[in-house]
Amino acid sequence: MTTTLAGGRAARRQTMRRIRPRRSPATLLLVAVWAGAAGVLWLWWSNTPSISDTTGRVIAAGRITGLLAGYLMALVVLQMARVPALERRVGSDRVTRWHAMSGRYTLSLTLAHVFLIMWGYALQAGKGLGFIVQQTIGSISVLPDMGKAAIGTGLLFFIGLISIGPVRRRIPYDTWYHVHLLTYAAVYLSFWHQLTTGNEFAVEPLAKTFWYGLYGAVTALVVWYRILTPIRLNMRHRLRVEAVIEEAPGIVSVLISGRKLHRMGAEAGQFFRWRFLAPGMRFSSHPYSLSAAPRPDMLRITVKAIGDHSARLRELMPGTRVWAEGPYGAMTAQRRSRGKVLLVAGGVGITPMRALFETLPGAAGDITLLYRANSTQDLALWDELAAIADERGARLMYAVNSPDGERPDISADRLRQKLPDIDEHDVFMCGPPGFAQGVYEALRGAGVPARRIHHESFEM
Amino acid sequence: MRKTHPLRRVVLAGAATVSGIVLLLSLKPGSDSGSEAVGGVAPGQSIGAQESAQGGAQAIGTGTFTGDAADTQYGPVQVRLTVSGGKITKAEAVQNPTGGQSTQINDNAIPKLNQAAVAAGSADIDAVSGATYTSTGYKQSLQSALDKAAAQGGGSAEGGAGGGAAQAQTVTGDVADTQYGPVQVQITVDGGKITKAEAVQTPTGGQSTQVTSNAVPKLNQAAVAAGTADIDAVSGATYTSAGYKQSLQSALDKVEPAGGGAEAGSGAEADAGAAPSPSAPADAGADAGAGAGQDAGGGVTNGTGTVTGEVVQTEYGPVQVRITMRDGEIVQAAAVQAPSGGRSTTVSNDAVPKLNQETVAAGSADIDAVSGATYTSAGYKESLQSALDQAGV
């Protein structure tokens, strides 16, 4: 069978060494972020001997919000720098959610900063809140780098606007993504006024050095991991489409060949961002999971036709050049803390589960796969899964809607009934958000601790 | 996967941020603790200074005094005073809050405060409205400069020996008006060379702040390197450069001692520790005429005043001595030029204070050479004699 990628045993041996889970560095990173924020506040604190009236308080509040916004801005960009420690160990989905969350927060701080500072300056000039517009225009025209900062803030505001749920759903993903890249320009433009007009940086040269260091480091990471690393990866591996295979109605597998693919360091459960250099597809890149353990000469992804991009995949011609970035994703064997593992797949979420099902080390009966689909025809890759289950002595279960369309019962009781020692398992899960939420609650009800439910979700 | 309402997070983050900022603001002291200290810290000193100023006695030392920097909410303020004859003849801010709105505000407030300080002659000046913080800091630093001046005046009897680098002379050039605002240069001359140049006034506001902050350090360096006003303009700062050169030239003109009495020229200011003038006694007039100077230049009249000797070339460089007379006696001696560079600096730093002391003690040029500084001593004595000749002693 051409679609079956052998090599499961070798891959399993490779991961056998690590049954002890690697801790996610998330806690450490959060501590560092808070420490940095405390440092920024201290900078303000040490440069401000006293505040005695409303004007002083408003301006001080404007400075605090401005400093925090400047600090967080660097981190918001850093989160999207595709740093391996974040992508592979914290998890791309989690980092993306952090990015969205801190991006919204930073934008709010920025707007608060503009409002408070301009209000404070208006008060200083002996005017009230009504003067704020003239004051803003005045400050932009007089103070150094404020013109740039105004454009940058405008851009940020615009980017924030099109990222609001209802607006974003009306815009094609690619358009939204490319507009989002303007953030780099916005951050660059608003950086300079921080140094030239920022009181804390005018009086404290060390702070200036630190600020340059922070933004310099983030820039270096972005250039390295978003530009140079992918270039090197693709120069080295020379990926091309080998074949496109229909697995089930609307679900295709794309086989991708290349050189020395084992040196990409990809593991089962991870994904790449793929860009197919075919007409109409070259300007968008999409994340798809590997649906088989990577082989030295071949990778495979399996995709369900949901959007424009995924629907076009079936028309890919063999030989098409492929540009990949990755591997990303933290849902690998490293997350596992116990001997027994339950894999839960919903629909096309089977792809990373299929790779893990093949490669996760374990004795007969240690590994169980629960596969949920609408009907038996929709159970893509079923033959392969059955073969793997046979070979390893693993358990394979499926749950489909009954002929009259009734949904199968995946409840805590039912799970315990099927798998009496379910609370002894690590659970890896991949599927649509609603499904994942339901299963999560059932698993918790069945006694699986939250820290042993491993899940990646790209819904924001 | 835990279900949280998205709004809950927004409300939490917002509330936490607002309360955090409010907490920070409320933890800051309401009024400047430093400014309270001005009233409380050294009442004796400041009252003393004021009293003596009123009494007409010159208990405030002559020279340039820089107050301590006073921190304000918007940044530090530091005031430099030029005191002459017990009065503030000039006040300027060498540091003031910059950045953001502050630049605009201070461009307006600082000149007013400078004027007020000169007019009042004390730190008892009104705040400029709209610049409360700067005004408070200014007054605080002004008071500290006055305290230093008072200390200088009181301690001048034994003060001369203190300054190893007592030869330095600080001169401020005339203000040169440019299209973007005034430029004024202050130079420190030591051993016939410009050792330091700085702009005490430069165009500020808008683009000027940026241009100036880039150009002025270059111009300062060029001035020190060239030793003359013949320096290149900084590109992009043509007007500032032209004004700078003009003011620099005027400062240099003031430096060159045209005969003995030129030292007393209006533009020349002795640096803080350099050459404190003596306290004039209230009965100075009693001795009028007793030691009337012969020098037409007016260095010493009625046996009181300052006179500078001729430059004497030694093997290691020029030596020039300045003495201050009162009632026909030398009350202070200082070298305005002494060999410097390499070992000479060390030797001069050691020898010159000793020679100064000896001069005051002996009251004549009949002093012993300092061992290890034979050439400097010889030059010193020669220049000292020429000064005494000029003073008619």
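Letters A, B, ... are given to chains in the order of the sequence lines, protein chains preceding strands, and every chain is numbered from 1. Values reported hereafter were calculated over all heavy atoms of this structure, with side chains retained and with hydrogens, waters and symmetry mates removed.
To the nearest 0.5 Å, atom OG1 of residue B:Thr17 and atom CD1 of residue A:Ile64 are 11.0 Å apart. Taken to the nearest 0.5 Å, the NZ atom of B:Lys28 stands 5.5 Å off from the CH2 atom of A:Trp44.
Legend: residues meeting salt bridge (charged side-chain N to carboxylate O under 4.0 Å, His left out) with B:Asp68, ordered by chain and number and at least two apart, are B:Lys148. Remark: A:Asp426 engages no residue in a salt bridge (charged side-chain N to carboxylate O under 4.0 Å, His left out) (not counting sequence neighbours).
Ranked by non-hydrogen atom pairs under 4.5 Å with chain B, the options A:Met101, A:Arg104, A:Met146 are led by A:Met101.
Around CD of A:Gln134, the count of heavy atoms belonging to other residues, nucleotides or ligands within 6.0 Å exceeds 12. Crowding of A:Asp423 atom CG: a count of heavy atoms from other residues, nucleotides or ligands under 6.0 Å exceeding 12.
In this structure, no portion of A:Leu123 lies under 4.5 Å from any heavy atom of chain B. Proximity to chain B (any heavy atom under 4.5 Å) is restricted, for A:Leu109, to the side chain, taken from C-beta onward.
Of all heavy-atom pairs between B:Leu24 and A:Trp45, the closest is O-CZ3, 3.6 Å.
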